[in-house]
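This report refers to the structure that appears directly beneath it.
Heavy-atom basis, side chains included; hydrogens, waters and symmetry copies ignored. Proteins come first, then strands; the chains are lettered A, B, ... in the order of their sequence lines, and each starts at number 1.
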2 protein chains.
Amino acid sequence: MVSDAESAPVSAKPPVTLREVAAAAGVSVATASKALNGQGRMTAETRERIRETARRLGFRPNSLAQSLLRKRSFTVGLLTNDTYGRFSLPLMAGVSDALVDKGVSVFLCNVEDDQRLGQLHVEAMLDKRVDGIVATGKRIDRHLPVDLSNLRIPVVYAFTQPDPGAVGLVSDDAGGARLAVEQFLRLGRRRIAHVSGPASFAVVHARAGAYRDVLTENGLPAAEPLLGAWSEGWGHDAVAKLFGKAGREGWPDAVFCGNDQIARGVIDALRERGISVPEDVGVIGFDNWEIVAEATRPPLTSIDMNLASLGREAGLALLSLVDGQPAAPGIRKLPCRLVVRQSCGSPPQ
Amino acid sequence: MVSDAESAPVSAKPPVTLREVAAAAGVSVATASKALNGQGRMTAETRERIRETARRLGFRPNSLAQSLLRKRSFTVGLLTNDTYGRFSLPLMAGVSDALVDKGVSVFLCNVEDDQRLGQLHVEAMLDKRVDGIVATGKRIDRHLPVDLSNLRIPVVYAFTQPDPGAVGLVSDDAGGARLAVEQFLRLGRRRIAHVSGPASFAVVHARAGAYRDVLTENGLPAAEPLLGAWSEGWGHDAVAKLFGKAGREGWPDAVFCGNDQIARGVIDALRERGISVPEDVGVIGFDNWEIVAEATRPPLTSIDMNLASLGREAGLALLSLVDGQPAAPGIRKLPCRLVVRQSCGSPPQ
DNA sequence: CCGCTTTGAGAAAACCTTTTCCCAAATGGT
DNA sequence: ACCATTTGGGAAAAGGTTTTCTCAAAGCGG
């Protein structure tokens with residue numbers, strides 16, 4: 001049987017305060033504070049004695065008291081509406097990583113697509129005196145269900161539609177698409193098709209536009225992009241459209257897909273038709289969703305949006321805003337990265 | 001050109017304080033505080049006047065000052081080492097959802113598998129005086145790279161290995177496996193195979209154990225589970241082992257898979273062999289990872305671990321611990337749920 | 001030995017809210 | 001009219017830290 005003392009509420013003795021350190025070192029709290037912060041003037045010996053005492057007692061300053069005084073809480077809010085998505089998690093981790101080293105902690109605020117929840121979270125943030133807010137979403141071209149426009153604290157938008165005049169960071173989708181198409185060209189592919197998601201997504205147009213641009217810049221014909229859903233199923237169907245017509249010579253020798261799921265569907269459908277990847281047809285996806293990209297056969301070459309970096313940049317941008325550094329408003333696009341696996345073939349020797 | 005005044009640091013006027021409300025209403029701060037909190041005694045008219053003033057001025061109490069006084073910060077820390085995983089996100093959202101309604105905010109702490117990062121985050125939490133910590137992971141049978149055992153604040157473990165004597169919440173893997181196998185039995189399947197992940201995972205044994213139990217309870221032979229990787233590739237290979245031998249009558253008529261990726265591999269491999277799902281063979285997965293389960297053909301019946309609920313329960317458990325309610329230490333298992341799609345067939349009429 | 005500057009350290013205000021205690025006025029009972 | 005109680009509201013301390021101001025002692029030039 002465990003004694004009462006042991007099973008009692010976890011709360012042991014309260015944390016040691018600066019006052020106690022000061023008393024133990026035989027100085028005033030003012031002196032103790034200055035000693036620990038490297039401020040004020042005192043003998044090196046006094047300073048060291050206080051520091052040693054603090055160390056011995058395990059003193060850690062109460063962040064709440066500090067925040068109250070400094071008007072700086074060293075916390076920021078992270079708003080997201082992407083609960084299950086694979087986009088927000090790396091992004092969130094990036095923000096958190098960039099900030100933890102600076103002593104800044106991140107409040108996680110999942111607002112779904114619920115106005116009420118958004119309001120609730122934003123008010124909680126403001127009450128807790130966050131120094132700033134990072135707003136992220138699952139779509140670059142949609143707003144979160146909250147109004148952050150008159151907030152008195154800085155806001156940075158990452159991977160979501162920013163308010164006018166605000167700072168926004170997004171991936172450079174057009175640049176990413178260029179990487180893919182240019183890779184195909186470098187590999188000697190010439191009849192490059194594009195299969196993407198619904199026309200209602202801005203990224204679909206950004207990527208399709210770049211696809212067209214690269215091809216025309218190189219004097220090649222750009223087929224009309226095939227738009228559908230973000231699903232494997234649509235990848236299958238698109239293959240039927242592209243490779244259905246008789247006459248092998250009309251077939252594409254490369255397919256640039258709007259995301260990895262479509263690419264997966266395309267590759268599976270091609271295999272079912274006996275068309276081999278990458279020998280007959282090269283395939284490149286988008287998102288570099290590793291768990292999908294690595295499970296396709298062959299493993300999928302894809303465009304990575306560098307979401308963790310995007311998150312880090314967003315965190316740092318917010319921090320400099322908090323520090324009062326003016327930042328140019330507008331949308332900043334961060335480059336994507338080509339991750340080569342085996343679905344697009346090797347360069348001609 | 002935007003004027004300097006407009007592009008100046010976002011920080012407008014500071015938030016309105018209780019003192020200002022009191023002054024505007026012509027009372028003392030003490031009275032104002034009591035009016036807003038429903039404490040103390042005063043005329044209904046005074047109370048209402050103060051409330052109205054506060055409303056008009058947009059007063060919101062400074063949470064930092066409240067926390068300092070009440071010794072309760074209304075924040076908790078959420079530790080995770082699952083940055084890219086699909087497990088932690090629903091779990092985290094569940095924790096956050098359960099707590100936001102109670103005015104409690106959640107610090108997101110991504111510790112990867114890095115001791116230093118863990119230490120850093122835990123110290124930041126303690127400095128910020130979190131009321132408690134929820135520790136989550138990507139594996140039920142592994143510890144986070146941090147020591148939370150002597151922390152002076154309550155800790156709840158969710159989907160990760162708890163410290164001895166602590167409160168832990170995990171999914172009931174054995175129960176989930178029972179659901180799957182019993183569903184097969186209900187559908188008239190009798191030769192049920194089990195393909196799962198690496199033997200180094202505790203859940204593999206929990207699920208395999210339940211698989212065996214259900215079959216022997218029903219007087220049926222339990223084949224030795226096939227253990228491999230958590231991948232589609234292993235699903236493929238397992239089908240080769242199960243259906244490679246000649247003699248159709250030795251083949252299973254159902255495969256219970258340790259996760260959805262294996263199940264996906266199994267289904268694809270069966271289709272390639274011309275074995276139809278669910279007519280010839282039923283398949284059930286585990287995790288109910290919707291994006292995979294819905295993309296398989298046919299869509300995959302799977303076991304859902306109810307991670308959002310698990311997160312909610314963890315949040316509430318932590319809260320009651322924070323409130324001083326003693327909780328029975330030990331591991332509590334929360335039930336799984338069978339999500340029926342089309343890969344396991346319909347019940348015999 | 002005297003006035004001036006430097007040095008070392010403490011007192012107190014400030015941050016914002018809550019809560020306890022206190023006091024004056026009003027009310028009620030006789 | 002007097003005492004006891006209730007009512008309405010304020011003063012002040014508390015919570016933990018930082019920072020400004022103050023002040024005594026010591027050092028120093030003449």
Are A:V167 and A:Y157 side-chain neighbours, meaning at least one heavy-atom pair lies under 4.5 Å?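 A side-chain contact under 4.5 Å is absent here.
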Is any side-chain heavy atom of B:N62 less than 4.5 Å from a side-chain heavy atom of A:L68?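 A side-chain contact under 4.5 Å exists here.
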What pairs meet the salt bridge (Lys or Arg N to Asp or Glu O under 4.0 Å) rule with one or both residues in residues 33-49 of chain A, with sequence neighbours excluded?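 Qualifying pairs, neighbours excluded: A:E48-A:R55.
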More than 12 heavy atoms of other residues, nucleotides or ligands under 6.0 Å from [atom1] of [X]: is that the case?
X: A:D101; atom1: CG; answer: yes
X: B:E52; atom1: CD; answer: yes
X: B:R72; atom1: CZ; answer: yes

With each end axis built from five pairs of C1' atoms, what bend angle do you get for the helix from C:dC1-D:dG30 to C:dT30-D:dA1? Round to 10°.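 Answer rounded to 10°: the end axes differ by 50°.
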Regarding A:K128 and B:S105, is there a side-chain donor-to-acceptor distance under 3.5 Å anywhere?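 Looking only at side-chain atoms, B:S105 and A:K128 do form a donor-acceptor pair, the distance falling under 3.5 Å.
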Under 3.5 Å, is there a donor on one side chain and an acceptor on the other for B:S149 and B:D147?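 The answer is yes; a qualifying pair exists.
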Phosphate oxygens OP1/OP2 of C:dT18: is one of them under 4.0 Å from a side-chain N or O of B:N37?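 Indeed, a polar side-chain atom of B:N37 lies that close.
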Any A:T31 side-chain nitrogen or oxygen under 4.0 Å from OP1 or OP2 of C:dA11: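 Checking C:dA11 against A:T31, no side-chain N or O comes under 4.0 Å of OP1 or OP2.
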Using a 4.0 Å cut-off to any heavy atom of chain A, which nucleotides of DNA chain D are the first and last in contact, reading 5' to 3'?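 First and last nucleotides in contact are D:dG16 to D:dT20.
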Looking at every strand, decide which applies to B:S33 at a 4.0 Å heavy-atom threshold: base, sugar-phosphate, or nothing.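 Touches a base.
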Sequence neighbours left out, what passes side chain to side chain contact (heavy atoms under 4.5 Å, CB included) with B:E20? Give chain and number order.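 Once residues adjacent in sequence are excluded, the partners of B:E20 under the side chain to side chain contact (heavy atoms under 4.5 Å, CB included) criterion are B:V16, B:T17.
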Who are the side chain to side chain contact (heavy atoms under 4.5 Å, CB included) partners of B:A23, not counting sequence neighbours?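 Listed in chain order: nothing, the list is empty.
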Nearest whole Å is fine: how far is [N] [atom2] from [X] [atom1]?
X: B:E20; N: C:dC15; atom1: CD; atom2: C1'; result: 13 Å
X: B:I50; N: C:dT17; atom1: CD1; atom2: P; result: 14 Å
X: B:R19; N: C:dC15; atom1: CZ; atom2: C1'; result: 9 Å
X: B:R41; N: C:dC23; atom1: CZ; atom2: C1'; result: 12 Å

Can you tell me if A:T136 uses its side chain to pair, donor with acceptor, with the backbone of A:L79 under 3.5 Å?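 Flag set: sc A:T136 to bb A:L79 pair under 3.5 Å.
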Within residues 63-71 of chain B, which residues have any heavy atom lying less than 4.0 Å from an atom of DNA chain C?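 Of all residues in residues 63-71 of chain B, the ones placing a heavy atom under 4.0 Å from DNA chain C are B:A65, B:Q66, B:L69, B:R70.
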